Asks: 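The structure follows.
Sequence positions, counted from 1, serve as the residue numbers for this chain. Nothing here was measured: the structure is a model prediction, and the numbers come from that model. Note: hydrogens, waters and symmetry copies are ignored here, and every other heavy atom, side chains too, is used.
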Amino acid sequence: MPEFSGTIIRLFNGLKKRQATGEGGLLTGTDPSAFDVTDPLRLWIIQVGVIIMMAQLLSLGLRRMKQPKVIAEVLGGILLGPTAFGRIPGFTQHIFPSQSLPYLTLVANIGLCLFLFIVGLEIDASIIKRNARMSAVVSLAGMALPFGLGSALSVPLYHHFIDPSVQFTHFMLFTGVAYSITAFPVLCRILTELKLLDTTVGIIVLSAGVGNDVVGWTLLALSVALVNAGSGLTALWVLLCCVAFTLFLLLVIKRVMLWLARATGSTDNGPTMFYMTVVMILLWACAFFTDIVGVNAIFGAFLAGIIVPREGGLAIALTEKLEDMVSIVFLPLYFTISGLNTNLGLLDNGITWAFTIAITCLAFFGKFGGCTVASRLSGFSWREASTIGALMSCKGLVELIVLNVGLSAGILSQRVFSMFVLEALTLTFMTTPLVTALYPPERRVSATSGGAQPKTRDEEGGDSDEDKKSLVDEEQPWRYRFTVVLDKLEHMPCMMALTQLVRPPIPYFSSLTTAVSMSAASDPAPLKYKTPEVNVSALRLIELSDRTSAVMKSSTTDTLIHTDPLLGIFRMFGELNDLPVSTSLNIVPYDDLAYTVADHAKRNASQLVLLPWLPPSVSSAETSDGGTPRREKFEHNPFEAFFGTSRDKSASVIHSQFVRGVFAQSETDVALFVDPGNYPNTGAGTGSSHHIFLPFFGGPDDRLALEFVVQLCVNPKINATVVKMEKHELETSLTERPPPAHSDIKTDTDSFALHHQHRVTLTSAIGPPDTVYGQPDTQTRMQSETADSVIWSRYASRDLAVAGIPAPLRAALSRIDFSNLASPVPLHAAIQRASMYQRVLVVTGRSKRLAVEDHSAELKDLVEEHRIVGHEVMTKTIGDVATAFVVSGCASGMVVLQAAKATTE
């Protein structure tokens, strides 16, 4: 009788005789690990706890090596089995006694059926259709040659290690299937983590892997049918029943499931409770049918996953509901049982190790050679073809499932099973480093929608990198190429507001250009400004987690980029505001999010990266020492959550690490919009005006902030106040004086060149991401101070014509109030000056390099005055000056800027 059904019947018969358990427990001296057939739950909980902890501990180290989690689960089982921990006296008898294994196996088999259902959900026929010809050739070659080599090796293996009572044809068939299989689920994750899904290699491997997986499971079902059948005629009947059942599911039930999904609204709003119930009934009905006709139950579960509709992301939604329990509890149990059945101690002689090495080498070269030659004949280069061969040689958990089926059927012995398990682990472990060496990022070829040619243009018709102008120069001081980062729905309002702010007003700018041409003869230093072609590149970031649903999303980015709600909202925002918006979507691990932003901005020649920052709200107000509440502005200040006074501190800290990573790795100017939720309305035609406040302390970041404010003030609805802060040690009252005139300083191209000359940053490789700058020497500090004086005198001069300011800048500078402010406490003075305005947008540089003054002592006093704790993370992220304004709560919003790193040719 098939194993799955037989186990259920035996356990049901045992439970019928169950008696009431005793009242005794640990306090009465009862051993909690003692196995009781009438109450197996306690020992089962102990077993599950040990298995999960072992798998998680091993995965911590293997994850750093970019190895799939299945290796940790199988290694954990091997260590818990007779190979390692099983040699400890009493360990196996207390933790994994033989009487308890049927219960553990039953739960593991239930989990395996659920896992194969999820594997079926991952299978997308459209992937095969898009590249049917090449993928079919690669898939066929990757199965035919390994199957032949496995069948040939089975002859000496059978004579040395297999009992003669086992039929040779059965053993040969299982060996061939184990050799020809490819682990599609593990392959998807490797392709995603190595960022190969959008390459020609990744598309072919994904398509070939899908076909290989379907054929492999079909061969496994055929093998089990032949083993369970008593005669050839019975095997034929079993095969015909499976074929008829499969056709019935694909032609009838699949359409019924699609109709039911649409009728219940599951394709629009996710699976309803009723639809989920129907799916679960279908899953176990299919598993039951294939099990009772003589094929393993996992084949029926796999078929159930295939017939679930893909419309509206329904397959992904179902996966999200099931994957956590399957991956956390059920799969580790199954692969731990595989490890418990693996005894590497049986590999104790030369002939055994010789066969183990032969199994591993033939399995690798069969897959690698067949797929490489087929890919080369299909037109790929040798490097690409060898990469396809290396990826297709990944065995992973699928071969382990095949091996466990063969072991339970009595076809494989414990020794041969251990040899094949070691081979599967070795090939899976080799895949990632081998692909990284064969196909480094600089050698990769991205695929267009056609799937074969390298990309030379952006998704929506942008120019190639060679045609893009990336620098802000004296002929075009306005930044007009932006990368907008979209990660969460709650960040959308602030990103739309900041995008609207930084956009140069085209009609107004055109009139300024006309004014320049009319007054060119009278202008002492005219500049030939061109109307900028504003380009906004929206980058949608989705974190690639350990969940299968995230991998499924990454393999469907072609459709996801058109259905993602955040990108849809931003596209509509661009259409309503006549902004050309190009979109892209990346699904990458958390550690690669910051690099993805920096790389995207570099490839698109962006001049400014726009990042969101939206701390969670705090509802309760703190009181001062005297017991009086703070002013209303600070009562609802959400920045307190970032300081550790909120339950959402961990989320804010994690997001701050991402922001610091972008600051550290970006070779483009970065603007971080810190938005408390009451951001200013930036839509044109609202009739409202906005005020910007910039405290200028000096340094490359503050010079960038000053240029940024000047560009914002091109909009006639925006005016600004720029205060040059100076620290005086004298205990005098705050004095305000007009800026000095420096008519003898050159101000045209020199200021721009000097502004972009001293941008030197180093990335810290240890600890959380941050920007670390080299120790400035006297020369660089003097150059920075000279650049500060140049740009200040250029913009703050009272006589704009004498200073050489062309007409387009004059209109913007006429709306900016420049002044100097000297104080022994410059942060307090700047905050007091900014508090004079009702709604003010504070713009400041991050000022993490070449800082003129050290504000740490004064910032500490500010933090103590406002009774804030945990400000260190905020200081590391946005700097002392911006932190001071956040602590004070006087700003309606903030923009923190960091100048780009210098690029050396």
Side-chain angles (χ1 to χ4, degrees), residues 7 24-65 67-109 111-112 161 327-350 352-353 356 397 400-401 403-404 407-408 412-426 428-429:
T7 303
L26 181 64
L27 298 180
T28 62
T30 303
D31 183 3
S33 65
F35 178 72
D36 185 359
V37 69
T38 63
D39 187 19
L41 181 61
R42 285 182 299 182
L43 181 60
W44 185 86
I45 293 175
I46 294 175
Q47 293 170 339
V48 171
V50 171
I51 290 170
I52 293 177
M53 286 189 292
M54 177 64 74
Q56 292 298 325
L57 287 175
L58 291 175
S59 66
L60 291 177
L62 291 171
R63 187 181 297 119
R64 295 182 177 274
M65 304 169 66
Q67 294 298 328
K69 190 179 178 182
V70 62
I71 295 182
E73 294 166 350
V74 178
L75 284 179
I78 292 175
L79 293 177
L80 293 174
T83 302
F85 285 23
R87 299 179 183 270
I88 301 175
F91 178 83
T92 302
Q93 290 78 7
H94 281 82
I95 305 300
F96 297 104
S98 57
Q99 305 96 317
S100 68
L101 293 183
Y103 299 90
L104 198 63
T105 303
L106 173 63
V107 179
N109 285 329
L112 184 62
F161 302 107
S327 61
I328 295 174
V329 178
F330 290 122
L331 271 188
L333 292 183
Y334 184 82
F335 293 117
T336 298
I337 292 177
S338 300
L340 293 175
N341 292 325
T342 303
N343 187 1
L344 298 183
L346 296 176
L347 311 181
D348 54 359
N349 54 59
T352 303
W353 275 107
T356 303
L397 46 81
L400 294 175
I401 295 174
L403 296 176
N404 277 279
L407 180 65
S408 62
L412 303 180
S413 65
Q414 286 282 349
R415 189 186 301 265
V416 174
F417 178 81
S418 301
M419 295 160 65
F420 273 94
V421 168
L422 186 59
E423 169 258 334
L425 288 178
T426 302
T428 306
F429 190 89

Asks: Could you list the residues that satisfy side chain to side chain contact (heavy atoms under 4.5 Å, CB included) with Gln93, not counting sequence neighbours?
Replies: none

Asks: In residues 45-57, what donor-acceptor pairs under 3.5 Å come from side-chain atoms, sequence neighbours left out?
Replies:
{"from": "Gln47", "atom 1": "NE2", "to": "Ile95", "atom 2": "O", "distance (Å)": "2.8"}
{"from": "Gln47", "atom 1": "NE2", "to": "Ser100", "atom 2": "OG", "distance (Å)": "2.9"}

Asks: Under a 4.5 Å cut-off applied to non-hydrogen side-chain atoms, are Tyr334 and Ile401 in contact?
Replies: yes

Asks: Could you walk me through whether Gln414 and Asn341 pass side chain to side chain contact (heavy atoms under 4.5 Å, CB included), step by step?
Replies: CA-CA 7 Å; Gln414 286 282 349; Asn341 292 325; 4.2 Å; yes

Asks: Rounded to the nearest 0.5 Å, what separates atom OG1 in Thr336 from atom CG in Leu331?
Replies: 10.0 Å

Asks: Could you measure the distance from the CH2 atom of Trp44 to the CG atom of Leu106? Nearest 0.5 Å is fine.
Replies: 10.5 Å

Asks: Taking all heavy atoms of Ser327 and all of Pro332, pick out the closest pair and write down the distance.
Replies: O-CD, 3.3 Å

Asks: Below 3.5 Å, can you tabulate the donor-acceptor pairs from side chains in residues 69-90 to any protein atom, sequence neighbours excluded?
Replies:
{"from": "Thr83", "atom 1": "OG1", "to": "Thr342", "atom 2": "O", "distance (Å)": "3.2"}
{"from": "Thr83", "atom 1": "OG1", "to": "Leu344", "atom 2": "N", "distance (Å)": "3.0"}
{"from": "Arg87", "atom 1": "NE", "to": "Thr83", "atom 2": "O", "distance (Å)": "3.0"}

Asks: For side chain to side chain contact (heavy atoms under 4.5 Å, CB included), just list the numbers for Tyr103 and Leu43, CA-CA rounded to whole Å, side-chain angles, deciding distance to a tenth of an Å, and then say yes or no.
Replies: CA-CA 10 Å; Tyr103 299 90; Leu43 181 60; over 6 Å; no

Asks: Would you find a donor on one side and an acceptor on the other, under 3.5 Å apart, between the side chain of Thr356 and the backbone of Met419?
Replies: no

Asks: How far apart are the closest heavy atoms of Asn404 and Leu400, and which atoms are they?
Replies: ND2-O, 2.7 Å

Asks: For Asp348, which residues count as a side chain to side chain contact (heavy atoms under 4.5 Å, CB included) partner, sequence neighbours excluded?
Replies: Arg415

Asks: Under the side chain to side chain donor-acceptor pair (under 3.5 Å) test, which residues partner Ser59, sequence neighbours left out?
Replies: none

Asks: Let me confirm one number: the CG-CD1 distance from Asn109 to Ile337, rounded to the nearest 0.5 Å.
Replies: 7.0 Å

Asks: Could you go through the side chain to side chain contact (heavy atoms under 4.5 Å, CB included) check for Phe417 and Leu346 one step at a time?
Replies: CA-CA 10 Å; Phe417 178 81; Leu346 296 176; over 6 Å; no

Asks: Just how far is it from atom CG of Leu412 to atom CG of Leu403, taken to the nearest 0.5 Å?
Replies: 6.5 Å

Asks: With sequence neighbours left out, what residues match Phe161 under ring pair (Phe, Tyr, Trp, His ring centres under 6.0 Å)?
Replies: Phe355

